[in-house]
Amino acid sequence: MTRYLRRQRAATAENAPDEKPSRRRLRKRYGIAAALILTAAAIPAATIAASAGTTPSDSRDILVPDQGALLGHYYGAGTIADTDARIGRKPAVHLTYYNWADDWMAAPATTADFADGRIPLVNWEPFGINFDDIVSGSLDATIQARATAAAQSGKKFFLDFAAEMNEDEGWGGHDPAKFIAAWRHIHDIFTAAGATNVVWAWCPNVTDSSGAPAAMDYYPGDDYVDWTGVDGYNWGTSAAGFTWQSFNDVFATIYPQLAAKGKPIIIGEMASDEVGGSKAQWIDDIVPTLKNNYPQIKAFVWFDIDKERHWQINSSPESLAAYQRMAQDPYLNP
């Protein structure tokens with residue numbers, strides 16, 4: 001059973017010109033019992049390249065670190081400079097959000113990321129777009145423009161199109177066949193334009209909308225996805241009906257399904273609230289859990305903002321100290 005919450009992503013002074021606010025319904029699970037959490041064996045990290053049909057050099061071509069995982073960040077609680085000083089290092093990946101018509105290759109955030117050695121994670125949100133128009137070719141001019149700009153850049157970055165398609169936003173009307181057709185159409189245009197530097201990240205939500213198709217029904221196919229992914233949060237207990245979930249609890253059910261695809265996995269959005277347990281311990285558990293249970297997760301992005309819940313990394317001195325410890329772990333510094 002799922003409850004849907006509406007989140008308006010706030011543009012901060014740092015990102016307002018090029019990270020337009022967007023809305024995405026967020027959700028949580030009602031008291032998932034431990035007995036319901038899947039405990040399927042994790043796929044060893046060393047098998048990622050082989051099971052995906054790639055060589056180690058191919059893995060590097062799609063931004064897979066040689067070891068460990070990439071630390072990513074959404075800067076919603078301060079400027080990049082201030083936040084990096086707070087963290088004690090520069091995260092490898094920078095998440096930004098763009099609407100359908102936005103020119104994200106020319107956006108100041110993207111150009112600054114490339115100049116500063118960050119990997120952009122472009123979250124491209126097709127608000128107000130009929131997916132029939134994507135499939136029919138009616139919107140090819142916009143797609144072609146983005147593909148051409150990406151190819152001309154030649155720089156590698158993550159592209160996360162229509163994330164959380166299985167949740168309440170319902171990109172394409174909760175029609176997996178239509179979503180897949182639209183994804184493949186966009187991907188084909190990028191390929192034809194020579195935009196092989198684009199690394200395609202497919203990121204459903206950790207839970208599905210009630211009565212809607214399951215996340216994996218929307219999977220576009222191995223030839224159209226470089227990284228599988230997922231967005232997930234610990235919503236804490238600050239509202240009635242919510243149950244505290246550990247980092248492991250949040251991702252335990254979907255991880256085996258994603259890992260079965262044999263591709264690297266990115267957590268496109270994640271965070272924890274403060275209320276209902278120890279957020280500091282939640283953070284401290286991330287790296288050990290990745291190593292022991294989720295070795296195929298090769299990148300994750302913290303949604304750093306005070307909104308709906310206390311997602312920000314400095315929501316308490318203890319949480320900030322835990323985040324600083326985590327950020328310095330060799331596992332996150334490949």
Side-chain angles (χ1 to χ4, degrees), residues 7 9-10 12-15 19 26 28 45 65 67-96 113 116-119 121 206 230-239 242-252 255 265-295 297-334:
R7 180 179 69 206
R9 290 188 176 88
T12 65
E14 176 266 326
N15 60 29
E19 295 183 31
L26 292 186
K28 43 66 74 179
Q67 62 87 32
L70 302 174
L71 176 64
H73 214 75
Y74 170 72
Y75 291 89
T79 66
I80 289 177
D82 288 345
T83 304
D84 287 359
R86 186 179 297 140
I87 294 171
R89 59 162 287 193
K90 176 174 67 177
V93 178
H94 179 194
L95 168 63
T96 53
D113 283 343
D116 199 30
R118 301 175 193 272
I119 303 169
L121 169 54
V206 74
V230 61
D231 295 351
Y233 293 78
N234 169 37
W235 287 81
T237 61
S238 56
F242 286 77
T243 300
W244 182 269
Q245 291 182 285
S246 69
F247 175 76
N248 185 72
D249 292 342
V250 173
F251 300 105
Y255 177 79
I265 299 169
I266 182 172
I267 301 176
E269 293 179 11
M270 62 170 252
S272 174
D273 190 21
E274 281 279 359
V275 182
S278 171
K279 180 174 178 177
Q281 187 61 55
W282 200 93
I283 296 169
D284 281 334
D285 288 343
I286 290 173
V287 170
T289 304
L290 291 177
K291 289 180 178 178
N292 296 329
N293 299 353
Y294 304 141
I297 293 177
K298 308 304 291 182
F300 67 86
V301 178
W302 191 277
F303 192 70
D304 184 20
I305 192 169
D306 187 7
K307 206 167 181 303
E308 294 89 27
R309 299 291 190 273
H310 300 298
W311 306 130
Q312 73 273 30
I313 62 173
N314 60 335
S315 52
S316 70
E318 295 79 12
S319 294
L320 178 58
Y323 200 91
Q324 291 168 336
R325 287 193 298 272
M326 179 196 69
Q328 296 305 319
D329 193 291
Y331 194 78
L332 302 183
N333 290 272

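Basis for what follows: all heavy atoms, side chains included, without hydrogens, waters or symmetry-related copies.
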Please check this pair: side chain of [X] against backbone of [Y], looking for a donor-acceptor N/O pair closer than 3.5 Å.
X	Y	value
N292	P288	yes
K90	D116	yes
K298	G68	yes
N234	Q245	yes
D231	E269	yes

In Å and rounded to the nearest 0.5 Å, what is the [atom1] to [atom2] distance from [X] to [Y]?
X	Y	atom1	atom2	value
L70	L121	CG	CG	11.0 Å
D285	S246	CG	OG	7.0 Å
R89	Q328	CZ	CD	7.0 Å
S315	R309	OG	CZ	13.0 Å
D304	I313	CG	CD1	4.5 Å
I286	M270	CD1	CE	3.5 Å

Mutual orientation of the aromatic rings belonging to Y294 and F251 [parallel < 30°, tilted 30-60°, perpendicular > 60°]: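 Because their plane-to-plane angle is over 60°, the rings of Y294 and F251 count as perpendicular.
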Parallel, tilted or perpendicular: rings of F247 and W282 (30°, 60°):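 Perpendicular.
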What's the shortest heavy-atom distance between [X] and [Y], and which atoms?
X	Y	result
Q324	R86	NE2-O, 2.8 Å
S272	W244	OG-CH2, 3.7 Å
G276	T237	CA-OG1, 3.1 Å
L95	G268	CD2-O, 3.7 Å
A280	A322	O-CB, 3.4 Å
W311	A271	CE3-CB, 3.6 Å

Y323 vs N314, side-chain hydrogen bond (donor to acceptor under 3.5 Å, both in side chains): CA-CA, chis, key distance, verdict: CA-CA 8 Å; Y323 200 91; N314 60 335; over 6 Å; no
How about [X] and [Y]: do any of their side-chain heavy atoms sit closer than 4.5 Å?
X	Y	value
S319	E274	yes
Q281	D284	yes
D273	H310	yes
Y75	W302	no

Test log, rule side chain to side chain contact (heavy atoms under 4.5 Å, CB included), inputs Y233 and V250: CA-CA 7 Å; Y233 293 78; V250 173; over 6 Å; no
Test side chain to side chain contact (heavy atoms under 4.5 Å, CB included) applied to I283 and R325, step by step: CA-CA 9 Å; I283 296 169; R325 287 193 298 272; over 6 Å; no
Worked check of side chain to side chain contact (heavy atoms under 4.5 Å, CB included) between F300 and L290: CA-CA 10 Å; F300 67 86; L290 291 177; 3.8 Å; yes
